[in-house]
Amino acid sequence: SMKKVNKICCIGAGYVGGPTMSVIASQCPEITVTVVDINQARIDQWNDSDLDNLPVYEPGLKEIVEKTRGKNLFFSTEVDKAIDEAEIIFISVNTPTKTYGKGKGQAADLKFVELCARNIAKVAKTDKIVVEKSTLPVRTASAIKSILENTGNGVKFEILSNPEFLAEGTAIEDLLHADRVLIGGDETPSGQEAKDTLSSIYEHWLPKERVLQTNVWSSELSKLVANAFLAQRVSSINAISALCERTDANVAEVSRAIGTDSRIGPKFLNASVGFGGSCFQKDILNLVYISRTFGLNEVADYWEQVIIMNDYQKRRFAENIISTLYNTVSGKKIVFFGWAFKKDTNDTRESAAINIADALLEEKAEIVVYDPKVSADRIYADLDYLDTRTPEENRQLLTVVNDPMEAVQEAHAIAILTEWDEFKTYSWDTIFEKMLKPAFVFDGRRLLSKEEMEEKGFQYYKIGQS
Ligand code: UDX
Ligand code: UDX
Ligand code: ADP
């Protein structure tokens, strides 16, 4: 059995909440979806009449928002009102890694989630299904539950775990054609009803068999494990890329050769400058923290190695730039093509570019960044957050430009850090002419052809190829 749903509320208008609710609204025209956030500026951006100003860039997103906003999709700061009216409440707030106290640097900081739960407990007057949508460590649902169960006002809550598997840059595609949707909940009659109710939302556009129901623990853990496995593939191929550079093996040929084994599969085997994004590192750190909490040190060490390898890959890339440029980059102009953690997103969280810039700035390089979607404010905020040097020094040493051709003028080197398609179509002959010679290109995304670049005269380094 299931409940009829008229209104949905989502707390948190970020990279997960915004796109997910937009797709639900577009696929469920009879349901009113309200996305709320305490950040007024962010809500204003979601409501901006110019759809190019949405706070999240995702291919296909603005078209969906244009169709649904003001009809059955609303963005608002009136959190309490939206909670009060909704039958289903998604919690989709940020869960950063703790920067203080117990579990510092590893555990997820649940304070935003807890605040949401307390707010729901305070406001709700009718029964609610509360859906945990943020990536959270196993056992969060039970924490939310204990906060909600003790309100004493007779309101009943069902807590579901419904982890999001969308990848940024392909969020809309991933939501519309999800491999699976995971819904974890209690194995009681009311828990089953809640699971079926949430399932019915997704079944508006996904075949029934793609909606998997599990218990809460399995659902929460599966999210961490899925991301850990994906990140592990990237670290595994990156480890091999270092070996390929010392031998005559080519990492692309190795990827292809192993990927054709159906047990291994071809996806997620692209060697790179290192994985980034808001999830991989955070989720693995979480897995490591949970394992250590239970005394499973070998398990913790095993997964931690995925991050150690990723840090090594970033450091290796930066050190290679420095050593290739005759062991000094002081005062040298190094152009970054790309700052986002992957193409087709304006998100920069945990982007490899941040650490590589930091390493080169320590050596007093002059960095010029061009990224088609990332703002200068974001780039400086990323650097300032590291606290390696003062904000003034960061602004002195690093500049951000809107024109890639201006960036490369008299540059010593270019580092390709994001795989934006447009970098492939540039006139690399023109770029060669504008640069100082020897003209170095360090391709951290394996975007260009080594043969062609060398033919044009570049000193071209490509990850995973000698
Ligand atoms: C990831 C998961 O894919 C998604 O299911 C989950 O919901 C959130 O975390 P996301 O971080 O948005 O999504 O992007 P993803 O495509 O997984 O890429 C993560 C990082 O790995 C990027 O920096 C990407 O460049 C890098 N990567 C990915 C590689 O370096 N090589 C690859 O082969 C694949
Ligand atoms: C392996 C490779 O599969 C094969 O391609 C290569 O040519 C030789 O090495 P093999 O060792 O014969 O083949 O068997 P395989 O099926 O790969 O199993 C290896 C071990 O892993 C076995 O002990 C198996 O029980 C174990 N295993 C495999 C698991 O524990 N879990 C799994 O999911 C798969
Ligand atoms: P994600 O990638 O998980 O979507 P984001 O940081 O992009 O993470 O978005 C999370 C959003 O949640 C932010 O816009 C933040 O302002 C919002 N948020 C955090 N705490 C609360 C809260 N208690 N009530 C409403 N919104 C919140």
Side-chain angles (χ1 to χ4, degrees), residues 9-21 35-43 45-46 55-56 58 75-80 82-83 90-96 108-120 133-136 163-171 174-175 178-180 182 223-224 226-231 233-238 241 251 255 258-259 261 263-264 266-284 310 313-314 338 340-353 417-419 444-446 463:
C9 154
C10 173
I11 307 177
Y15 283 92
V16 172
T20 309
M21 293 305 127
V35 188
V36 293
D37 204 296
I38 45 177
N39 183 337
Q40 179 75 53
R42 209 166 221 199
I43 291 299
Q45 285 177 300
W46 280 110
V56 171
E58 279 292 341
F75 296 93
S76 158
T77 51
E78 290 184 83
V79 181
D80 292 1
I83 291 173
F90 289 87
I91 300 182
S92 193
V93 300
N94 34 332
T95 52
D109 193 336
L110 296 182
K111 71 176 176 217
F112 301 117
V113 172
E114 192 180 325
L115 281 171
C116 280
R118 289 190 189 284
N119 201 32
I120 295 169
K133 193 80 185 157
S134 326
T135 309
L136 297 166
E164 188 45 69
F165 292 103
L166 67 82
E168 286 173 30
T170 53
D174 293 348
L175 285 161
D179 288 339
R180 75 340 203 155
L182 202 52
K223 168 71 187 195
L224 298 186
N227 278 339
F229 268 62
L230 291 169
R233 282 175 74 93
V234 178
S235 274
S236 296
I237 201 67
N238 282 345
S241 76
V251 77
S255 288
I258 66 169
D261 185 325
R263 295 170 300 178
I264 297 174
K267 293 181 185 166
F268 253 76
L269 289 176
N270 294 319
S272 70
V273 64
F275 61 74
S278 68
C279 283
F280 282 3
Q281 169 143 328
K282 185 186 73 183
D283 287 353
I284 293 176
N310 198 47
Q313 187 77 346
K314 292 186 272 189
F341 81 97
K342 62 187 279 195
K343 75 169 179 179
D344 292 341
T345 179
N346 60 346
D347 195 353
T348 65
R349 286 177 286 180
E350 305 294 341
S351 180
L417 297 172
T418 312
E419 73 280 24
R445 293 292 184 166
R446 303 187 46 82
I463 276 205

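Scope of the values below: all heavy atoms of this structure, side chains included, with no hydrogens, waters or symmetry mates. All ligand and atom numbering here is 1-based and tracks the order in the structure.
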Are more than 12 heavy atoms from other residues, nucleotides or ligands located less than 6.0 Å from atom CG of Asp179? no

Looking only at heavy atoms, which two atoms of [X] and [Y] are closest? And how far apart?
X	Y	value
Ala340	Thr348	CA-CG2, 4.3 Å
Arg180	Ala226	NH2-CB, 4.2 Å
Phe275	Asn310	N-OD1, 2.8 Å
Ile463	Val251	O-CG1, 4.0 Å

Give a yes or no on whether a salt bridge exists between Lys133 and Glu164, defined as a side-chain N under 4.0 angstrom from a carboxylate O.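 Salt bridge between Lys133 and Glu164, a charged N being under 4.0 Å from a carboxylate O: yes.
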
Under 4.0 Å from a heavy atom of [X]: give me the atoms of ligand 1 that qualify, with their elements.
X	result
Glu164	7 (O)
Leu230	3 (O)
Leu269	33 (O)
Ser272	29 (C), 30 (O)

Atom 5 (O) of ligand 2: any protein heavy atom closer than 4.0 Å: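 Yes, because at least one protein heavy atom sits under 4.0 Å from atom 5 (O) of ligand 2.
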
Does atom 23 (O) of ligand 2 have a protein non-hydrogen atom under 4.0 Å from it?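 No, there is none.
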
Quick one: nearest non-hydrogen protein atom to [atom], plus distance?
atom	value
atom 18 (N) of ligand 3	Val93 CG1, 3.6 Å
atom 12 (O) of ligand 1	Glu168 N, 2.7 Å
atom 2 (O) of ligand 3	Arg349 NH2, 3.0 Å
atom 5 (P) of ligand 3	Arg42 NH1, 3.6 Å
atom 15 (P) of ligand 1	Lys342 NZ, 3.6 Å
atom 3 (O) of ligand 2	Arg263 NH1, 2.7 Å
atom 21 (O) of ligand 1	Phe275 CB, 3.3 Å
atom 28 (C) of ligand 1	Phe268 CE2, 3.5 Å
atom 6 (O) of ligand 3	Asn94 CB, 3.6 Å
atom 25 (O) of ligand 1	Arg445 NH1, 2.7 Å
atom 20 (C) of ligand 1	Gly276 O, 3.5 Å
atom 1 (C) of ligand 1	Phe280 CE1, 3.4 Å
atom 17 (C) of ligand 3	Asp37 OD2, 3.2 Å
atom 26 (N) of ligand 3	Ile38 N, 3.5 Å
atom 2 (C) of ligand 1	Asn227 OD1, 3.4 Å

Side chains of [X] and [Y]: does their closest heavy-atom pair fall under 4.5 Å?
X	Y	result
Gln281	Arg349	no
Val36	Ile83	no
Glu58	Asp344	no
Gln313	Ser241	yes
Leu175	Phe165	no
Ile38	Ile43	no
Val234	Leu269	no

So, is [X] polar-close to ligand 1, with some N/O to N/O distance under 3.5 Å?
X	result
Phe341	yes
Leu166	yes
Ser278	no
Phe165	yes
Lys223	yes

contact_flag Arg233 ligand 1 heavy-atom lt 4.0 Å: no

Is there a heavy atom in Lys343 that sits closer than 4.0 Å to ligand 1?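 Judged by the 4.0 Å heavy-atom criterion, Lys343 does not count as contacting ligand 1.
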
Can you name the atoms of ligand 3, numbered from 1 with element, that are less than 4.0 Å from a heavy atom of [X]?
X	answer
Gly14	4 (O), 5 (P), 7 (O), 9 (O)
Asn39	16 (O)
Cys116	22 (C), 23 (N)

Evaluate Val16 for polar contact with ligand 3, using N/O atom pairs at a separation under 3.5 Å. yes

Are any of the N or O atoms of Ser278 closer than 3.5 Å to those of ligand 3? no

Spacing of [X] atom [atom1] and [Y] atom [atom2] [to the nearest 0.5 Å]:
X	Y	atom1	atom2	value
Glu78	Asp37	CD	CG	13.5 Å
Phe268	Ser236	CZ	OG	12.5 Å
Thr95	Phe112	OG1	CZ	9.5 Å
Asp283	Asn227	CG	CG	4.5 Å
Asn39	Gln45	CG	CD	8.0 Å
Ser351	Leu417	OG	CG	7.0 Å

Of the side chain and backbone of Cys279, name the one, both, or neither that has a heavy atom under 4.0 Å from an atom of ligand 1. side chain

Between Asn270 and ligand 1, which residue portion shows a heavy-atom distance shorter than 4.0 Å: side chain, backbone, both, or neither?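 Asn270 to ligand 1: contacts from backbone and side chain alike.
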
Residue pair Tyr15 / Asn94, side-chain donor-acceptor N/O under 3.5 Å: no

With a heavy-atom distance limit of 4.0 Å, tell me whether Ile11 approaches ligand 3 through its side chain, its backbone, both, or neither. side chain

Ligand 3 versus Lys282: contacting region, heavy-atom distance under 4.0 Å: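 Answer for Lys282: neither.
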
Take Arg42 and Phe75 through the test side-chain contact (heavy atoms from CB on, under 4.5 Å) and record every step on the way to the result. CA-CA 9 Å; Arg42 209 166 221 199; Phe75 296 93; over 6 Å; no

